[in-house]
Amino acid sequence: MSFILDFFNKFLGQAPLLLGTVVFLGYLLLGRKWYDAAAGFIKTYVGFRILQVGTGGLVATFRPIIVAVYDRFGVSAFVIDPYYGQTSAMQVLDSVNSLQYVGYVMIIAFIVNIALVAFKKYTKLRALFLTGHIMYQQSAVLLWALYWVITGATGAEVGWFLVIVTGLLMGVYWSVASNLVVEATQDVTGGAGFSVGHQQMFGAWIAYKLGAKIGNREKDVNDLNLPGWLSVLNDNIVANVVIMTAFVGTLMVVIGPDNFNYDTNRYYWGTFIFETTSLFAVYITIILTGVRMFVAELTNSFQGISDKLLPNTVPAVDCAVTFGFSPNAPAYGFIFGFLGQMIGITTLILIQSPILIIAGFIALFFDNGTLAVFANKSGGRRAAAIIPFFSGIIQVLGSALVLTVLRDAGPNVIGWMGMFDWATVWTGVTLLTSVLGIVVPIILIPLFLIIPQLQYKRHKQNYFTTMIDDSVAVDPSALK
Amino acid sequence: MLKVLAACGNGMGSSQIIKMRIEQVLKELGLDFKVDHCSIGEAKGMSRNYDLVLVSQQFVKDFPASNDKTKIVGLINLLSATEIKEKVSLALSL
C-alpha cells in the first residue's frame with residue numbers, strides 16, 4: 001500500500017511524468033510500437049519542462065514591472081492573454097504542490113466529453129473538443145481560479161473533490177459550448193464539418209446571432225481590400241514584441257528610469273526598455289515551443305483514442321481554422337477590438353480601479369478575430385466592427401473584475417485569459433464561487449446541459465444531419 | 001524523404017491539424033516523409049529547408065513564391081483530406 005502511495009506522490013504526482021505516462025499508455029492503446037510510445041513519453045516530458053522554463057521566465061520578467069507600477073501608482077497591472085493566465089495558474093498550483101492535478105482535470109474532462117457525445121441520443125451533444133493546448137490551459141486556469149476562491153491562502157494541496165468537480169464542469173463546458181456553435185460554424189465555413197473548440201464559443205454564438213440583427217450579411221468584409229501592413233500581425237513574434245513595447249514600454253516611460261535597477265554603463269534607457277519588453281516575446285516563444293511539443297503528442301494520443309471510440313464525430317478545433325474561410329475578418333476584429341480594449345483600459349484609469357489591464361496579443365487578435373468572422377457571416381462588415389469593439393471593452397472590464405479576487409494569490413499572478421468566454425462566463429463563475437462556494441460549479445454542471453436540449457427543440461428535423469462528413473471538401477472557387 | 005512544414009498564426013492549433021491531415025494523406029500516397037509544425041513568423045525563415053510548406057490560404061502571400069525546391073500550398077479547409085490531397089498532388093506533380 002505504501003508503495004502505491006509513494007508512486008502516486010513521486011511519479012504521478014509530478015506533472016510532466018503524469019502527462020508522459022498518459023501519452024505512453026495512449027500510444028500503446030492505439031497499437032503503436034513500444035519505442036514510439038517511449039519517444040512520446042520523452043517528448044511530452046521535455047516539452048513540459050520547456051514550458052515550465054518559459055512560465056518561470058515570464059513571471060520573473062513581469063514581476064519587477066508589476067512591483068514598479070504598484071509602488072508608483074498603487075495599482076496592480078496584469079496582462080490579459082491566455083499564456084499569462086496559464087503561467088499564473090501553473091505557478092500558483094506548483095507552489096502548493098498541485099500542478100499534477102491539472103492533468104487529472106483534463107483527463108476527466110476529456111472522458112466526460114467522450115461520454116456525453118457517445119450518448120448523444122439523450123444529451124444532444126455532437127462535438128468533441130480536440131484543441132490540446134487549450135484543453136490543458138483551461139484545465140489549469142479553471143482549477144487555479146476555483147482553488148483560490150474556495151481554499152484561499154492556506155497553502156493546502158488541491159483536494160480530489162475539487163479536482164473531480166472542476167473536471168466535470170470543464171468537460172461539460174467543452175461539450176456544450178462547442179456544440180452550441182456547430183450551426184454557425186457550418187454557415188461560416190460553407191459546411192466544412194467541424195466546430196470551434198476554443199475560448200470564445202459563447203462569444204461566437206452571440207456574435208453570430210447579434211450580427212444578423214445589426215448588419216447586412218451581403219456587405220461582406222472579405223470584399224474589401226485591407227492595407228498591406230496588417231500582414232505584420234501574421235508574424236506572432238513581431239506582434240508580441242510590438243504590442244508589449246507599446247504597452248509595457250509606455251508604462252515604463254511613465255514610471256521613469258529611477259524606479260528600475262539597470263546598469264547605465266551598458267544600457268540607454270531606451271534599449272533597456274526594448275530589452276525588457278522583447279523578453280516577453282522570448283518567454284512566450286519558449287512557452288509555445290514547450291506546449292507545442294507536449295501537446296503534439298497528447299493530441300495524437302487523444303485523437304487516436306476518440307477516433308476509435310467515436311468515429312464520425314464533429315471535431316471541435318482551434319478558432320483560427322475558421323480564418324481561412326474569412327481572411328479579412330480577423331484583422332478587422334483586431335482593429336476594432338483594440339479600440340474597444342483602449343476604451344476599457346481608459347475607463348479603468350478614470351474610475352481609479354485597483355487593477356490596471358495591459359492588452360495582450362492573443363486576446364486582441366485571435367479572440368476578436370473569431371468574433372469578427374462569425375459576426376461578418378451574419379451581419380457583414382458593420383457587425384464585424386461593432387461586435388469586436390464591444391467585446392474589447394468586455395474583455396478588459398470582465399478580466400479586471402475577476403482579477404480583483406485572483407490577484408491575492410500572490411506574486412505568481414501576472415494575468416488572466418482575457419478571451420471572451422473567460423472574461424464573461426468564467427469571471428462570473430469565479431466570482432459567484434468566491435461568495436457561495438463550491439456549490440456554484442456543482443449546480444452549473446446540469447444547468448449547462450440544458451442548453452443543447454433547447455437547441456435540439458428548435459430544429460429537431462435536421463439537428464443531427466447538419467453535421468456534414470468532414471471528407472467533403474469545400475470548392476475553393478466558390479469562396480472567391 | 002519529403003520534408004514538410006505546416007504553419008499557422010501561433011503555431012499551435014491549426015498547424016497541428018494540418019500536420020495530422022497531411023500525414024494521413026502522405027501515408028495514403030505511400031511516400032516517405034517527415035512533418036514539422038510552427039508559427040508563420042518562424043516558418044518564413046525556415047521554409048527554404050523544406051520541400052513543401054502548407055499554410056492557410058491567406059498566409060501564402062507572406063512567403064516567397066513556390067520554386068523548384070520549396071512548394072508553398074495554401075489551404076482553405078485545413079481539415080479536408082480531399083483538398084490537401086488534390087493540392088499537394090498538384091504541387092508535387094504526382
Side-chain angles (χ1 to χ4, degrees), chain A residues 83 130-134 137 189-194 197-198 222 228 231-240 281 284-285 288-289 291-292 295-296 299-300 303-304 315 317-328 330-331 361-362 365-366 369 470-476 478-480, chain B residues 4-25 27-28 34-47 53-64 72-91:
Chain A
Y83 290 97
L130 287 171
T131 322
H133 62 294
I134 303 295
Q137 186 168 73
T189 62
F194 66 85
H198 208 250
N222 296 305
S231 71
V232 159
L233 293 174
N234 293 342
D235 192 322
N236 65 326
I237 296 167
V238 175
N240 268 318
I284 287 287
T285 308
L288 292 177
T289 306
V291 173
R292 185 181 303 140
V295 164
T299 308
N300 278 335
Q303 176 143 47
V317 297
D318 197 302
C319 63
V321 178
T322 62
F323 291 4
F325 298 90
S326 191
N328 278 352
F361 169 60
I362 294 187
F365 187 73
F366 289 93
D470 82 29
S471 63
V472 179
V474 174
D475 178 10
L479 285 152
K480 281 279 141 80
Chain B
V4 183
L5 183 63
C8 70
N10 231 4
M12 304 301 290
S14 310
S15 51
Q16 164 84 18
I17 288 162
I18 301 177
K19 179 177 185 233
M20 292 195 298
R21 279 292 186 266
I22 184 72
E23 283 176 341
Q24 178 194 336
V25 165
K27 217 175 271 172
E28 276 170 29
K34 181 181 186 307
V35 185
D36 295 320
H37 70 302
C38 66
S39 73
I40 297 290
E42 295 163 280
K44 274 193 264 187
M46 288 156 49
S47 64
V53 177
L54 294 164
V55 292
S56 187
Q57 183 70 45
Q58 74 269 27
F59 294 133
V60 170
K61 61 181 188 311
D62 291 328
F63 289 86
I72 312 290
V73 173
L75 303 169
I76 308 248
N77 184 358
L78 312 181
L79 283 145
S80 166
T82 320
E83 183 188 339
I84 293 181
K85 194 170 189 174
E86 245 168 47
K87 290 183 170 172
V88 167
S89 301
L90 197 70

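Just so we're on the same page: letters track the sequence lines, and every chain starts at 1. Here the structure is a predicted model, which is why all the values come from computation and not from measurement.
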Please assess B/F59 against B/I72 for the test side-chain contact (heavy atoms from CB on, under 4.5 Å), listing each intermediate value before the final yes or no.
CA-CA 10 Å; B/F59 294 133; B/I72 312 290; over 6 Å; no
Spacing of CE belonging to B/M12 relative to OG1 belonging to A/T289, to within rounding of 0.5 Å:
8.5 Å
Identify which part of B/D62 has an atom lying under 4.5 Å from any heavy atom of chain A, answering side chain, backbone, both or neither.
side chain
Main-chain N/O of B/I76 paired to B/E83 side chain as donor or acceptor, under 3.5 Å:
yes
A/S326 and A/N222: side-chain donor and acceptor closer than 3.5 Å?
yes
Do A/R292 side-chain atoms and B/G11 backbone N/O form a donor-acceptor pair below 3.5 Å?
yes
Please state whether the side chain, the backbone, both or neither of A/I237 comes within less than 4.5 Å of a heavy atom of chain B.
side chain
Can you tell which part of A/V238 gets under 4.5 Å to a heavy atom of chain B, answering side chain, backbone, both or neither?
neither
Please classify the contact of A/I362 with chain B as side chain, backbone, both or neither, using a heavy-atom distance under 4.5 Å.
side chain
Residue among B/C38, B/S15, B/G74, B/S56 with most heavy-atom pairs under 4.5 Å to chain A
B/C38
So which of A/N328, A/V317, A/L130 has the largest heavy-atom pair count under 4.5 angstrom toward chain B?
A/V317
Region of A/F365 that comes under 4.5 Å of a non-hydrogen atom in chain B
neither
side-chain contact (heavy atoms from CB on, under 4.5 Å), that's the test. Do B/I18 and B/H37 meet it? Break it down for me.
CA-CA 9 Å; B/I18 301 177; B/H37 70 302; over 6 Å; no
Under 4.5 Å, counting heavy-atom pairs only, tell me which of A/A296, A/P327, A/C319, A/P330 racks up the most with chain B.
A/A296
In terms of heavy-atom pairs under 4.5 Å, which option from A/D235, A/T322, A/I134 contacts chain B the most?
A/D235
Do B/L78 and B/R21 come close enough that some side-chain heavy atom pair is under 4.5 Å?
no
